A.B. asks: 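Right, I'll just put the structure down here and ask away after.
Worth saying up front: this structure is predicted, and the values here are computed from it rather than measured. Letters A, B, ... are given to chains in the order of the sequence lines, protein chains preceding strands, and every chain is numbered from 1.
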Amino acid sequence: MPLFALVDGNSFYASCERAFRPDLIGRPIVVLSNNDGCVVARSAEAKALGIKGFVPFFEIRDMCERHGVAVFSSNYALYGDMSKRMMVVIGGWGIEQEVYSVDESFITLDGIPNLKDYATRLRADVLQRVGIPTCVGIGTTKTLAKLANHVGKKFPKAEGVFSWDWLTADWQDKLMARIEVGDVWGIGRRISEKLGTMGIHTALDLQRSDPREIKRSFNVVVERTVAELNGVNCLALEDVSPDKQQIIASRSFAELVGDFDTLASAISHHACRAAEKLRQQNSAARMVGVSICTNPFRERDSQYTGWIVIPLVHPSADSAVITHAALAGLRAIYRKGYRYKKAGVILTEIGPQGLEQRDLFVPLPDPRRAKVMAVMDRVNAEFGRGTLRLASEQLQRGWAMRQEQRSPRWTTHWEEIITVR
DNA sequence: TCTGGGGTCCTAGGACCC
DNA sequence: TCTGGGGTCCTAGGACCC
């Protein structure tokens with residue numbers, strides 16, 4: 001019987017901020033999405049104040065001021081670096097490891113004795129070496145490990161560590177009956193609602209449901225979730241992350257944008273970011289999608305969504321080629337007179353570099369281009385993103401995002417590095 | 001005034017083929 | 001009178017995740 005543990009960082013982004021600001025210990029913290037739009041992370045103290053996840057910040061701004069909540073813009077350079085460090089430490093405690101998201105990792109623990117002690121030492125190790133508090137959930141399937149992690153978080157008595165094995169079958173049922181079905185991994189809002197009409201309200205109800213009926217009413221994914229709740233392994237540990245099949249780079253603007261040049265500079269920037277991600281996984285894309293849209297929340301504004309896909313003659317990972325295609329797409333979909341909120345580039349039909357089908361009648365791209373890209377990536381890796389970039393990114397910079405409360409990039413920028421007195 | 005930015009997988013239905 | 005059936009591929013849309 002395999003044994004999985006899910007280890008995740010508590011209120012990860014908020015904990016990253018606190019790791020460098022001991023004065024924030026015990027204080028409520030919220031971290032905002034790009035453009036300071038929504039709340040994406042809350043410390044336990046902030047949750048206790050009743051701040052919900054994903055609410056628009058403007059709705060709670062006053063309340064935050066009244067209660068002295070520390071508010072941060074998202075600082076992905078910091079969170080990404082902290083995540084890497086945390087994953088390395090967690091990986092050292094597992095037999096195999098899957099990095100599932102920025103703040104979650106599955107590890108396998110088959111054959112390790114005295115797991116309660118082991119998991120407790122794991123938590124202490126991560127806290128000491130990275131400064132991030134974590135929870136550990138253990139189960140015989142990934143879904144059960146996820147749910148155990150939920151228990152470890154929700155019930156203070158667990159002290160951040162929980163395994164289903166530690167309870168008798170009777171107590172396991174009692175606990176499952178106290179968990180809402182929507183808290184099970186893979187059961188979202190829509191499926192919860194429908195399950196509710198079928199009389200299935202708790203994790204226990206779902207575990208005991210008829211898989212054939214579930215398959216009929218939903219699909220195989222939900223059927224697998226039921227099996228996993230019953231200890232039948234359907235989801236394997238993915239220790240190597242597969243290449244992305246699509247790459248998106250998009251952003252909302254801090255202020256609405258009407259003119260073509262500003263949009264073009266944003267699209268150029270996103271195209272370059274997307275191409276960079278593509279090169280990181282040694283892939284090339286055949287299709288370049290471009291989208292622009294107005295702000296749907298402003299109901300009295302006239303609305304428009306433009307969307308187009310431009311095929312490339314050769315699959316490419318060249319920033320200039322992809323940007324050129326994206327700008328051609330933008331010219332095709334741009335309509336004057338609208339005020340745009342968001343623009344993005346999507347790369348699809350992605351495959352490994354160098355395995356492209358060749359076209360007899362079209363000359364091959366210049367092989368020296370790949371070297372130019374490699375140099376650009378190396379320079380940008382060493383001296384910071386954007387050190388070398390295409391001129392078209394610089395036409396207008398009137399689209400930058402709002403980041404009013406970003407903390408220093410403590411661990412990745414020399415000029416912002418922490419000083420200890 | 002102010003509302004994120006990524007991803008994946010599955011299904012149904014239509015086009016098309018033999 | 002009677003008008004097949006099996007298969008693949010593609011796309012759009014819907015659901016989920018963090």
A.B. asks: Scan every strand shown for a Watson-Crick or G-U wobble partner of B:dT11, both distances under 3.5 Å, and answer none if you come up empty.
C.D. replies: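 Checking every strand shown, B:dT11 finds its partner in C:dA12, with both distances under 3.5 Å.
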A.B. asks: Should the ring pair A:Y340 and A:Y304 be called parallel, tilted or perpendicular, given that the plane angle runs from 0 to 90° and is split at 30 and 60?
C.D. replies: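 Judged by the thresholds at 30° and 60°, the geometry between A:Y340 and A:Y304 is perpendicular.
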A.B. asks: Distance check, C1' atoms only: C:dG4 and B:dC16, in whole angstrom units.
C.D. replies: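 It comes out at 16 Å once rounded to the nearest Å.
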A.B. asks: With sugar-phosphate meaning primed atoms plus P, OP1 and OP2, does A:L32 contact a base, only sugar-phosphate, or nothing at under 4.0 Å between heavy atoms?
C.D. replies: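 Answer is nothing: A:L32 stays at 4.0 Å or more from every strand.
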A.B. asks: Give A:K341 one of three labels, base, sugar-phosphate or nothing, depending on what nucleic acid heavy atoms sit under 4.0 Å from its own.
C.D. replies: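 Sugar-phosphate only.
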A.B. asks: So if I take every side-chain heavy atom of A:F297 and compare against C:dC18, C:dA15, B:dT3, which nucleotide ends up nearest?
C.D. replies: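 Ranking C:dC18, C:dA15, B:dT3 by closest atom to the A:F297 side chain puts B:dT3 first.
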A.B. asks: Assign the ring pair A:W410 / A:F20 to parallel, tilted or perpendicular, where the plane angle (0 to 90°) is split at 30° and 60°.
C.D. replies: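 Because their plane-to-plane angle is under 30°, the rings of A:W410 and A:F20 count as parallel.
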A.B. asks: Just checking A:E59: base, sugar-phosphate only, or nothing, at a heavy-atom cut-off of under 4.0 Å?
C.D. replies: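 No contact at all - A:E59 keeps every heavy atom at 4.0 Å or more from the nucleic acid.
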A.B. asks: Of all the choices, B:dG5, B:dG4, B:dG6, which nucleotide is nearest to the side chain of A:I248 once you look at every atom?
C.D. replies: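 Ranking B:dG5, B:dG4, B:dG6 by closest atom to the A:I248 side chain puts B:dG6 first.
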A.B. asks: Any idea which of B:dG6, C:dC18, B:dT11 is nearest the A:K277 side chain?
C.D. replies: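 Closest nucleotide among those given: B:dG6.
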A.B. asks: Can you see whether A:F260 has A:K336 sitting over its ring - NZ or CZ less than 6.0 Å from the centre and within 45° of the normal?
C.D. replies: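 Geometry flag: not set, cation outside 6.0 Å or 45°.
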A.B. asks: Do A:K342 and A:F253 meet the cation-pi criteria used here (NZ or CZ under 6.0 Å from the six-membered ring centre, within 45° of the axis)?
C.D. replies: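 Output no; distance or angle outside limits.
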A.B. asks: How many Å lie between OH on A:Y76 and P on B:dG7, as a whole number?
C.D. replies: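 After rounding, the reported distance stands at 13 Å.
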A.B. asks: Just the rounded figure in Å: distance from P of B:dT3 to CD1 of A:I51.
C.D. replies: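 One finds 19 Å between P of B:dT3 and CD1 of A:I51, rounded.
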A.B. asks: Tell me the interatomic distance from A:E104, atom CD, to B:dT8, atom P, rounded to whole angstroms.
C.D. replies: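 Those two atoms, CD and P, are 17 Å apart.
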A.B. asks: Nearest whole Å is fine: how far is B:dG7 C1' from A:Q281 CD?
C.D. replies: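 Spelled out: CD on A:Q281 to C1' on B:dG7 is 12 Å.
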A.B. asks: Any idea which of C:dA15, B:dG7, C:dC17 is nearest the A:I247 side chain?
C.D. replies: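 From the listed options, B:dG7 comes nearest.
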A.B. asks: Using both distances under 3.5 Å as the test, list the Watson-Crick or G-U wobble partner of B:dC18, or none.
C.D. replies: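 Paired with C:dG5.
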A.B. asks: May I ask you to verify if any side-chain N or O of A:K244 is less than 4.0 angstrom from the OP1 or OP2 atom of B:dT8?
C.D. replies: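 No, A:K244 has no side-chain N/O under 4.0 Å of OP1/OP2 on B:dT8.
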A.B. asks: Using a heavy-atom cut-off of 4.0 Å across all strands, would you classify A:R273 as base, sugar-phosphate, or nothing?
C.D. replies: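 Answer is nothing: A:R273 stays at 4.0 Å or more from every strand.
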A.B. asks: Is any side-chain heavy atom of A:W307 closer than 4.5 Å to one of A:I346?
C.D. replies: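 Sidechains of A:W307 and A:I346: in contact.
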A.B. asks: Please state whether the phosphate of B:dG5, meaning OP1 or OP2, lies under 4.0 angstrom from any side-chain nitrogen or oxygen of A:S252.
C.D. replies: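 So the side chain of A:S252 is within the cut-off, an N or O lying under 4.0 Å from OP1 or OP2 of B:dG5.
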A.B. asks: Checking contacts here: which listed nucleotide (C:dC18, B:dC2, B:dG6) is nearest the side-chain heavy atoms of A:R251?
C.D. replies: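 Nearest to the side chain of A:R251 among the choices is B:dG6.
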A.B. asks: A:D103 has an atom CG; how far is it from atom P of B:dG6, in whole Å?
C.D. replies: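 Result: 18 Å.
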A.B. asks: Without decimals, in angstroms, what is the distance between A:E238 CD and B:dT8 P?
C.D. replies: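 Roughly 11 Å, once rounded to whole Å.
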A.B. asks: Heavy atoms under 4.0 Å, any strand shown: does A:F54 hit a base, just sugar-phosphate, or nothing?
C.D. replies: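 Answer is base: heavy atoms of A:F54 come under 4.0 Å of a base.
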A.B. asks: Rounded to whole angstroms, how far apart are CD on A:E276 and C1' on B:dG6?
C.D. replies: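 Going from A:E276 (CD) to B:dG6 (C1'), I get 16 Å.
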A.B. asks: Atom CD of A:E404 to atom P of B:dG4: distance rounded to whole Å?
C.D. replies: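 From A:E404 CD to B:dG4 P: 16 Å.
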A.B. asks: Of the listed nucleotides (C:dC16, B:dG7, B:dG4), which one gets closest to any side-chain atom of A:R190?
C.D. replies: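 So the side chain of A:R190 is nearest to C:dC16.
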A.B. asks: Kindly point out which of C:dA15, B:dG5, B:dT3 is positioned nearest to the side chain of A:N34?
C.D. replies: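 Nearest to the side chain of A:N34 among the choices is B:dG5.
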A.B. asks: When you check the phosphate oxygens OP1 and OP2 of B:dG6, does a side-chain N or O of A:S250 lie under 4.0 Å from one of them?
C.D. replies: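 Checking B:dG6 against A:S250, a side-chain N or O does come within under 4.0 Å of OP1 or OP2.
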A.B. asks: Heavy-atom nearest nucleotide on DNA chain B for A:A249 versus A:R298: which residue maps closer to 5'?
C.D. replies: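 Final value for this comparison: A:R298.
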A.B. asks: Just to be sure I understand the rule, does A:V222 reach a base, reach only the sugar-phosphate, or reach nothing, if contact means heavy atoms closer than 4.0 Å?
C.D. replies: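 If one applies the 4.0 Å heavy-atom cut-off, A:V222 turns out to touch nothing in the nucleic acid.
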A.B. asks: Report the residue (A:P56 or A:F218) whose heavy-atom-nearest nucleotide on DNA chain B is the more 5′ of the two.
C.D. replies: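 Its nearest nucleotide lies further toward 5', so the answer is A:P56.
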A.B. asks: Touch check for A:K146, heavy atoms < 4.0 angstrom, all strands: base, sugar-phosphate only, or nothing?
C.D. replies: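 Answer is sugar-phosphate: A:K146 comes under 4.0 Å of backbone atoms only.
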A.B. asks: OP1 or OP2 of B:dC9 less than 4.0 angstrom from a side-chain nitrogen or oxygen of A:Q245, does that happen here?
C.D. replies: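 True: A:Q245 side-chain N/O within range (under 4.0 Å) of B:dC9 OP1/OP2.
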A.B. asks: Could you tell me whether A:K116 sits above the aromatic face of A:W166, with NZ or CZ closer than 6.0 angstrom to the six-membered ring centre and within 45 degrees of the axis?
C.D. replies: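 Cation-pi check for A:K116 and A:W166: passes.
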A.B. asks: Touch check for A:D36, heavy atoms < 4.0 angstrom, all strands: base, sugar-phosphate only, or nothing?
C.D. replies: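 A:D36: no heavy atom of the nucleic acid under 4.0 Å.
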A.B. asks: Side-chain N or O of A:R224 less than 4.0 angstrom from OP1 or OP2 on B:dC10?
C.D. replies: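 True: A:R224 side-chain N/O within range (under 4.0 Å) of B:dC10 OP1/OP2.
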A.B. asks: Please determine whether a side-chain nitrogen of the Lys or Arg among A:R123 and A:E159 lies less than 4.0 Å from a carboxylate oxygen of the Asp or Glu.
C.D. replies: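 A salt bridge is absent here (no side-chain N lies under 4.0 Å from a carboxylate O).
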